[in-house]
Peer 1: 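Right, I'll just put the structure down here and ask away after.
As the structure is a computational prediction, the values presented were derived from the model and not from experiment. Protein chains get the first letters and strands the later ones, always in sequence-line order, with residue 1 at the start of each.
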2 protein chains.
Amino acid sequence: MKNVTAAKPEISVQKCSYMRVLEIVSSKWAVLIIAALADGTKRYGDLRRRIEGISQKMLTQTVRQLERDGLVKRYVHDSVPPSVEYELTPIGQTILPHLFSMKQWVNEYYAEVERARQEYDRTDRK
Amino acid sequence: MKNVTAAKPEISVQKCSYMRVLEIVSSKWAVLIIAALADGTKRYGDLRRRIEGISQKMLTQTVRQLERDGLVKRYVHDSVPPSVEYELTPIGQTILPHLFSMKQWVNEYYAEVERARQEYDRTDRK
DNA sequence: CGGGATCCCTCCCGATACTG
DNA sequence: CAGTATCGGGAGGGATCCCG
């Protein structure tokens, strides 16, 4: 008779869906860029200004990755000075409700999380 | 008349809800641990075995952070050998539907994302 | 304006060894 | 069994300079 709690890694880092979520919306910048594009197309400089603290390197890099994943479309206008616009693709749009619902969750529970942290730091700290 | 696209960082790295989401469910390990605890209390070793590829350092560290945030409760049984169990708190439970729904999203769109990647690598690569 | 290319440094995290 | 402590490599990402 085998052990019921036998070793079977049910959550594989390689295959499981949760890893794929994080593979796509991995970085904080990815989430913020998608959020910034939620209400429509934006230019590069607009994004840069709207997302506080992002460096151009990370903006470019992350927006490229989102484009590669098919979540963001990049439009280059042949003009002087150059103008580049970014917008969410239909697939990119489909992730918005999930982000919104996560946002709702935070708005509802963040206060409790902060209380828990203070409690933890007060009692369990050495 | 002011510029309509004036510089107003609407998405602050410091304050916005999306950052708080990532602050709580930041790492991949956090998500995988919560997922592993979805169907009930687990012992330390069980978690370690169920989550493929996690080191004990990251398991301990992440589980501690989740405990600090009030998402996970840690039970220490005074026994020899020692036994420690982890389970989701009520707050921890409330995040599960969001994770599930993200999982659904991935299952629905991941194929398209992979297609987009291949397309991107084929055409836009140098 | 919208990037590309570099330098450089932090800190994440895995590996390893030890403990109550 | 369930951790803690320490070391070290490597990648993430910021700062800076340059370009079409």
Side-chain angles (χ1 to χ4, degrees), chain A residues 3 5-7 9 13-14 19 22-33 36-37 41-68 72-87 120 124-126, chain B residues 3 5-7 9 13-14 19 22-33 36-37 41-68 72-87 120 124-126:
Chain A
N3 189 342
T5 61
V13 180
Q14 313 301 335
M19 281 311 297
L22 297 165
E23 173 193 317
I24 296 170
V25 194
S26 49
S27 73
K28 64 177 185 180
W29 299 126
V31 174
L32 295 184
I33 288 173
L37 290 175
T41 302
K42 300 274 179 305
R43 294 186 56 175
Y44 184 89
D46 287 339
L47 283 176
R48 189 147 159 56
R49 260 171 271 113
R50 287 167 68 103
I51 303 173
E52 188 187 323
I54 196 169
S55 64
Q56 334 120 326
K57 177 183 175 179
M58 288 317 295
L59 177 52
T60 300
Q61 180 176 312
T62 310
V63 101
R64 285 286 192 284
Q65 188 189 327
L66 291 172
E67 186 193 5
R68 178 170 181 266
V72 163
K73 176 85 176 118
R74 181 167 174 262
Y75 297 101
V76 182
H77 304 289
D78 279 3
S79 60
V80 179
S83 167
V84 179
E85 289 186 322
Y86 295 93
E87 79 172 334
Y120 183 92
D124 301 331
R125 206 63 174 291
K126 292 148 202 170
Chain B
N3 190 342
T5 61
V13 179
Q14 312 301 335
M19 280 311 295
L22 296 164
E23 173 192 316
I24 296 170
V25 193
S26 49
S27 72
K28 64 177 185 179
W29 299 125
V31 173
L32 295 184
I33 289 173
L37 290 175
T41 302
K42 300 274 178 307
R43 295 186 55 174
Y44 183 89
D46 288 338
L47 284 176
R48 190 147 159 54
R49 262 171 269 113
R50 288 169 66 103
I51 303 174
E52 187 187 323
I54 196 169
S55 64
Q56 89 262 71
K57 176 181 177 180
M58 289 316 296
L59 176 52
T60 301
Q61 180 176 311
T62 310
V63 102
R64 284 286 192 285
Q65 188 189 326
L66 290 172
E67 185 192 6
R68 178 169 181 266
V72 163
K73 178 84 175 116
R74 180 167 174 265
Y75 297 101
V76 182
H77 305 289
D78 279 4
S79 59
V80 179
S83 167
V84 179
E85 288 186 321
Y86 296 93
E87 78 174 334
Y120 183 91
D124 302 332
R125 206 65 174 292
K126 297 150 197 167

Peer 1: Rounded off to whole Å, could you give me the CG-to-C1' distance for the A:Asp46 and C:dG2 pair?
Peer 2: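 Distance, rounded to whole Å: 12 Å.
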Peer 1: Kindly compute the distance separating NZ (A:Lys42) from CZ (A:Arg49), expressed to the nearest 0.5 Å.
Peer 2: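 These two atoms lie 11.5 Å from each other.
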Peer 1: Rounding to a whole Å, what distance do you find between B:Glu85:CD and D:dC1:C1'?
Peer 2: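 Taking CD of B:Glu85 and C1' of D:dC1, I get 13 Å after rounding.
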Peer 1: Need to verify one output field. Residue with the more 5' nearest nucleotide on DNA chain D, B:Tyr44 or B:Lys57?
Peer 2: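 Upstream on the strand: B:Tyr44.
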Peer 1: Distance check needed: D:dT16 C1' versus A:Met58 CE, whole Å only.
Peer 2: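 Checked: the CE to C1' distance equals 16 Å.
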Peer 1: Is the backbone N or O of B:Gln56 less than 3.5 Å from a side-chain atom of B:Tyr44, with the two atoms forming a donor-acceptor pair by type?
Peer 2: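 Yes, the answer is positive, given that a donor and an acceptor are paired below the 3.5 Å cut-off.
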Peer 1: Once you round it to whole Å, what is the distance between C1' of C:dA15 and CG of B:Leu59?
Peer 2: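 To the nearest whole Å, that distance equals 16 Å.
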Peer 1: Here's a test of your reading of the structure: between A:Gln56 and B:Val63, which maps to the more 5' nucleotide of DNA chain D?
Peer 2: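 So the residue in question is B:Val63.
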Peer 1: Phosphate oxygens OP1/OP2 of D:dA2: is one of them under 4.0 Å from a side-chain N or O of B:Arg49?
Peer 2: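 Looking at the OP1 and OP2 atoms of D:dA2, neither is under 4.0 Å from any side-chain N or O of B:Arg49.
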Peer 1: I want to verify a distance call: between D:dG3, D:dG14, C:dG3, whose nearest atom is closest to the B:Arg64 side chain?
Peer 2: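 Nucleotide nearest to B:Arg64's side chain: D:dG3.
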Peer 1: Could you give the CG-to-C1' distance, from A:Leu32 to D:dG13, as a whole number of Å?
Peer 2: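 Distance, rounded to whole Å: 15 Å.
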Peer 1: Within this structure, what is the OG1-CD distance for the pair A:Thr60 and A:Glu67, rounded to the nearest 0.5 Å?
Peer 2: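 Reported value, rounded in 0.5 Å steps: 11.5 Å.
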Peer 1: Looking across every strand, which nucleic acid part, if any, lies under 4.0 Å from B:Arg43 by heavy atom: base, sugar-phosphate, or nothing?
Peer 2: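 Touches sugar-phosphate only.
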Peer 1: Taking CD from A:Glu67 and P from C:dG2, how many angstroms apart are they, rounded to a whole number?
Peer 2: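 Result: 15 Å.
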Peer 1: Do the side chains of A:Arg64 and B:Tyr120 get nearer than 4.5 Å, heavy atoms only?
Peer 2: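 Yes. Closest side-chain heavy atoms under 4.5 Å.
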Peer 1: Between P on C:dC12 and NZ on B:Lys28, what's the gap in Å once rounded to a whole number?
Peer 2: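 Whole-Å distance recorded here is 14 Å.
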Peer 1: Just how far is it from atom CD1 of B:Ile24 to atom CZ of B:Arg68, taken to the nearest 0.5 Å?
Peer 2: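 Rounded to the nearest 0.5 Å, the CD1-CZ separation comes to 11.0 Å.
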Peer 1: May I ask you to verify if any side-chain N or O of A:Tyr86 is less than 4.0 angstrom from the OP1 or OP2 atom of C:dG3?
Peer 2: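 Indeed, a polar side-chain atom of A:Tyr86 lies that close.
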Peer 1: Which nucleotide in the set C:dC13, D:dG3, D:dA2 lies at the smallest distance from any side-chain heavy atom of B:Pro82?
Peer 2: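 Out of C:dC13, D:dG3, D:dA2, the nucleotide with an atom closest to B:Pro82's side chain is D:dA2.
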Peer 1: Output the rounded distance in Å from CD (A:Gln65) to C1' (D:dA11).
Peer 2: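 It works out to 14 Å between those atoms.
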